[in-house]
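It should be emphasised that the depicted structure is a prediction, and the values quoted were computed from it without experimental measurement. Along the sequence shown, residues are numbered consecutively beginning with 1.
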Amino acid sequence: MTVTLSVSAPPRSSGSEFTVLARRVRESGLLERRRGYYARAIGLNLAATAAVWGAVAWAGDGWWTVLLGVPLAVVAARTAFLGHDAGHRQIARSARANRWLGLLLGNLLLGMGHGWWSDKHNRHHANPNLVGKDPDVGEGVLAWTREQAGRKRGVARHQAVLFFPLLTLEGVNLKVGSLVFLRGRPGRDRLVEGGLLLAHAVGYLTLAFTLLPAGKAVALIVVQHALFGVHLGAVFAPNHKGMAMPGPGERWGHLRRQVLTSRNVRGGVVTDWLMGGLNYQIEHHLFPGIPRCGLRRVRPLVMEHCAAVGVPYTETGLFASYRQALGHMRAVGGSSR
């Protein structure tokens, strides 16, 4: 069931709509860093990653070992979520410390460029669902507007059906995008980020091909990357697809720009863990610097404020969110040639 809380919304947002909420959240203390929480999360994730690779070594070279690509994908997604939090400066107090955490978690442990992701993701946060400014709704294999679909053939018409199969390629696409991004970066960034990406590739491939015969090592790598892409896509897809998309020239204040384009996914601690806290997408977009463990606690403040100022607040179950997102893709794809 979808829950949308609203009171007749005025057509425009004033800056004061967000200012009052921001003051309440700041006074609540929820913006304070939670270094102990993140120290435990990073430590447990490192231990889990080492344990799964230990299980690969212990299981031997049978084909059943390839199935360990499933938990490898899960712990890799946890690493990505921690890198995401570092990119939003949720973990450490200084920008420098967060950047290095992002480089170590993203480039070294995951093989995904922190600089590339931060650039892309920050542009998304600044203008969610705004065509021409949000890279997540830009031109690509999939179409997010009828205008985009009208310029495409083939895939767009069937994109709702193909969406999850295509996500199996996203794990590789993230790494390719990271490498391409480095071509336009300053020399020092290319050296640091490129060096860490190379170290990841060498270490990862050495580990896989040392522990397993070549064919099974390749199979393990394919399973992990395919499921990693599906996992991340399944987390990010429900957040904005099928929500409001500002038209050309429309100007919304911060509160409306972030709330109207975002959808929360209802759930408990399991949903929080599987989605890395991004099921609180509205709260995350309004206050991207709030540590992940504070998002659930800030939610009632945001819901109450949105109801008071007449801004619709959308929250739904996980599967309902997929239906809405895929329904939007199906409707848009019908415009393709």
Give a yes or no on whether the backbone of [Y] and the side-chain of [X] come within a donor-acceptor separation of less than 3.5 Å.
X	Y	value
T65	G62	yes
R146	W144	no
R185	R190	no
R89	R96	no
R183	L179	no
E193	G115	yes
Q281	L278	yes

[X] versus [Y]: any side-chain heavy-atom pair under 4.5 Å?
X	Y	value
F287	E283	no
M243	T314	yes
L162	V141	no
I221	L205	yes
F228	L72	no
V131	Q148	yes
L174	L110	no
L232	F81	yes

Atom pair [atom1]/[atom2] of [X] and [Y] - distance to nearest 0.5 Å:
X	Y	atom1	atom2	value
N122	H124	CG	NE2	10.0 Å
S28	R23	OG	CZ	13.0 Å
L105	N45	CG	CG	8.0 Å
R263	Q324	CZ	CD	4.5 Å
H200	N107	NE2	CG	9.5 Å
Q90	Y38	CD	OH	4.0 Å

Quick one: do [X] and [Y] make a salt bridge, cutoff under 4.0 Å?
X	Y	result
R99	D189	yes
E250	R256	no
D136	K120	yes

Residue pair [X] / [Y]: nearest heavy atoms and the distance that separates them:
X	Y	result
I290	L30	CG2-O, 3.9 Å
D61	P213	CB-CD, 3.3 Å
A143	Q159	N-OE1, 2.8 Å
L260	P312	CD2-CD, 3.6 Å
Q258	H125	NE2-O, 3.0 Å
L255	E17	CD2-CB, 3.9 Å

Working for side-chain contact (heavy atoms from CB on, under 4.5 Å), residues L68 and W53: CA-CA 8 Å; L68 289 170; W53 279 110; over 6 Å; no

- Message: Students often mix this up, so state it plainly: with edges at 30° and 60°, are the rings of W117 and H88 parallel, tilted or perpendicular?
- Response: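 Judged by the thresholds at 30° and 60°, the geometry between W117 and H88 is perpendicular.
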
Checking N264, N239, D272 against N279 for side chain to side chain donor-acceptor pair (under 3.5 Å), the one that qualifies is D272

Per side chain to side chain donor-acceptor pair (under 3.5 Å), Y280 is matched among R299, E315, R292, R296 by R296

Determine whether L130 and W252 satisfy the following criterion, side-chain contact (heavy atoms from CB on, under 4.5 Å), listing intermediate values before the conclusion. CA-CA 11 Å; L130 180 58; W252 297 350; over 6 Å; no

- Item | K175 charged N/C atom sitting above Y204 aromatic ring, 6.0 Å / 45° | yes

message = Just checking H121 against H114, ring centres under 6.0 Å apart?
response =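 No, they do not, as the ring centres are separated by 6.0 Å or more.
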
Are [X] and [Y] linked, directly or through other ILVMFWY residues, by side chains that come within less than 4.5 angstrom of each other?
X	Y	answer
V192	L108	yes
L103	L109	no
V235	L169	no
F181	M112	yes
V137	F236	yes

Review point. Which is it for L318 and L274 under the side-chain contact (heavy atoms from CB on, under 4.5 Å) test, yes or no, and what are the steps along the way?
Key: CA-CA 11 Å; L318 181 61; L274 283 173; over 6 Å; no

Does atom CZ of R123 have more than 12 heavy-atom neighbours from other groups under 6.0 Å away?
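Counting other residues, nucleotides and ligands, CZ of R123 exceeds 12 neighbours.
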
query = Between V259 and L286, does a side-chain contact (heavy atoms from CB on, under 4.5 Å) hold up when you go through it step by step?
reply = CA-CA 7 Å; V259 175; L286 285 172; 3.8 Å; yes

